[in-house]
Amino acid sequence: MKTTQTNQYHSRNNSQNHRPNQRRQQQDVQVEMGQRFPLTIKRLGINGEGIGYFKRKLVFVQGALPNEVVVAEVTGIKPNFLTAKVHRLKTPSPDRVTPRDAYAGEVGGFELEHLAYPAQLEFKRDVVRQSLEKYQPKGFRNYLLKPTIGMTDPYGYRNKAQFQIRRATDGHVMAGLYQERSHKLVDLETCSVQMPATMAVMRTVVNLLEELDVSIYNEKKHSGLVRTVVVRVAAGTDEVQVVFVTNGTNFPQQADMIDRLQTAHPEVVSIMQNVNSERTSLIWGDDTYLLAGKPQIREVLNDLQFNLSARAFLQLNPYQTVTLYAEALKALDLSPDENVVDAYSGVGTIGLSMAHAAKEVRGMDVIDDAVKDARENAALNDITNATYETGTAETLLPKWLDEGFELDALVVDPPRTGLDDQLIRAILASKPKKFVYISCNPSTLARDLVKLTRQYRVDYIQSVDMMPQTARCEAVVKFTRI
Ligand code: SAH
């Protein structure tokens, strides 16, 4: 979240630098830290913060909603914008609701929990609109932006809790997330967006860490054992995997921990240890060991089986994943004689969901383990027309095309950074007749559309809410070759 915000502000700064008059006016505004002033909120920014203007200067107000009048208190002063918090809410929005999680304003991932769900869905479509306005790809005013597909119950959907473990000053063990822009841990005893099963197992683990007096990691001293606990549930089978990320290998109470955890939760079928002895804020170390049960849990999506190892990527919301893939499949509209490439394939979930409708599926991912999982998943489902290769999309797609592979349909699902230029060039040169872009970042999507629309028309953009209560937005773009 932090990186995203920085990027957003940078890009805003850049766009404003083209307007010298406005910049001069903005710099003239005299403000001090802690200064308070009334402010009307105009809209939500792409990270879910309220946006208003104080004497023409852009102000980002965490937690404020459109049409609200607040007394803002300045918390940060930058050349082109201010940040502020709500000192007092003068006129609340009719869409304001009480967040279920008391810590919602403190930790990342709950940016919109104070906004009624229908308004959250409208916001996610608006984020796409704002990004298009900024980059202005060809014809953008005419794109059909379909209403965001949401969840009937937008809570309890997250299949994975990855919580930091620390000891509080009073001695009890805390498990939670860091406060935004700080290293203060917020203990999350409950969490409304997590599946109940992840939290139940997490709380048992925390109690056992206390009862068995397991050594807990101390970040300042870089001492102690347990740093992070990851609990993942496979919604299709209810199987649960627990991973202890530890600073060092020796886990003296391991046998008792395993025994008591499995007794309390028979659904925990996989207990792993990942060793990370580095002084780093990265979660995972290189080595993962099986402590008990099996090394993978089994997920089921679209009637397909997937084995998940500890570090395998899987979408965090299994219910909406099915919807997202169905949207991608609908937009591709494959016929049985067509070859499809699933670029950025992860463990193969998208391509394997399409294999029955295509002649051949090829996928690639930079992570070798993910590619191995994808191959294993193809075999697990008796799918014989799908192959996976390790490497980047930008090198492998051109290579396959050079080798004579006939690309009929392409689906790309890149990380937040969007598509590499080299890949865009390969797409524009080979012009597959069918093309779908699944994006988890409307900004990089809009940027990429500027180039892609040289050869493709955007038929529609369908946003899908994969992460209710957060500002994250996922979208499926259907193209037609010009
Ligand atoms: N399609 C999958 C995974 C999407 S996440 C799913 O729906 O679950 C994006 C994936 O892109 C990750 O697995 C990441 O390892 C991979 N990746 C990142 N950069 C890449 C690149 N340049 N080329 C190919 N894969 C890449």
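In listed order, ligands and their atoms are each counted from 1. Because only heavy atoms are used, hydrogens play no part in the values below, and waters and symmetry mates are left out as well, while side chains stay in. It should be emphasised that the depicted structure is a prediction, and the values quoted were computed from it without experimental measurement.
No heavy atom of L314 sits closer than 4.0 Å to any atom of ligand 1. Residue-ligand proximity: G391 is placed with a non-hydrogen atom under 4.0 Å from ligand 1.
Using a 4.0 Å cut-off between charged side-chain N and carboxylate O, E219 and R227 make no salt bridge. Electrostatic pairing of D459 and R457 counts as a salt bridge here, judged by a charged N lying under 4.0 Å from a carboxylate O. The pair R362-E360 counts as a salt bridge, with a side-chain nitrogen and a carboxylate oxygen less than 4.0 angstrom apart.
Using a 4.5 Å cut-off on side-chain heavy atoms (C-beta onward), V243 and V229 make no contact.
Comparing L316, V411, V366 against atom 19 (N) of ligand 1, the shortest heavy-atom distance belongs to V366. In this comparison of E389, E474, M364, E394, the heavy atom closest to atom 22 (N) of ligand 1 sits on E394.
Short contacts between ligand 1 and I367, defined as distances under 4.0 Å to a heavy atom of the residue, involve ligand atoms 15 (O). Atoms of ligand 1 lying under 4.0 Å from any heavy atom of S345, numbered from 1 in the order shown and given with element: 1 (N), 2 (C). Heavy-atom proximity to P415, at under 4.0 Å, picks out these atoms of ligand 1: 11 (O), 18 (C), 19 (N). Close approach to Y325 involves these atoms of ligand 1, each under 4.0 Å from a residue heavy atom: 6 (C), 7 (O), 8 (O). Atoms of ligand 1 lying under 4.0 Å from at least one heavy atom of A393, given by number and element, are 21 (C), 23 (N), 24 (C). Using a 4.0 Å cut-off to heavy atoms of D413, the atoms of ligand 1 that qualify are 1 (N), 2 (C), 3 (C), 4 (C), 6 (C), 7 (O), 9 (C). Within ligand 1, the atoms closer than 4.0 Å to a non-hydrogen atom of I350 are 1 (N), 7 (O), numbered from 1 in the order shown. For ligand 1 and T349, the ligand atoms under 4.0 Å from any heavy atom of the residue are 6 (C), 7 (O), 8 (O).
Taking the six-membered ring wherever Trp is involved, the centroid distance between the rings of F110 and Y103 falls below 6.0 Å.
Looking at atom 5 (S) of ligand 1, its nearest protein heavy atom turns out to be F313 CE2, 3.8 Å. Shortest contact from atom 16 (C) of ligand 1 to any protein heavy atom: D365 OD2, 3.2 Å.
By the 3.5 Å distance cut-off applied to N or O atoms, T392 is not counted among the residues near ligand 1.
A donor-acceptor contact under 3.5 angstrom links the side chains of R298 and N307, judged on distance only. There is a side-chain donor-acceptor pair under 3.5 Å between S335 and D337.
N276 places a side-chain N or O within 3.5 Å of a backbone atom of I283 that can act as its donor or acceptor partner.
Screening residues 384-405 for salt bridge (Lys or Arg N to Asp or Glu O under 4.0 Å), with sequence neighbours left out, gives E389-K399, K399-E403. Applying the side-chain hydrogen bond (donor to acceptor under 3.5 Å, both in side chains) test to pairs two or more places apart or on separate chains, those with a residue in residues 445-455 are D421-K451, Y437-D448.
Of the heavy atoms in Y344, both backbone and side-chain atoms come closer than 4.0 Å to ligand 1.
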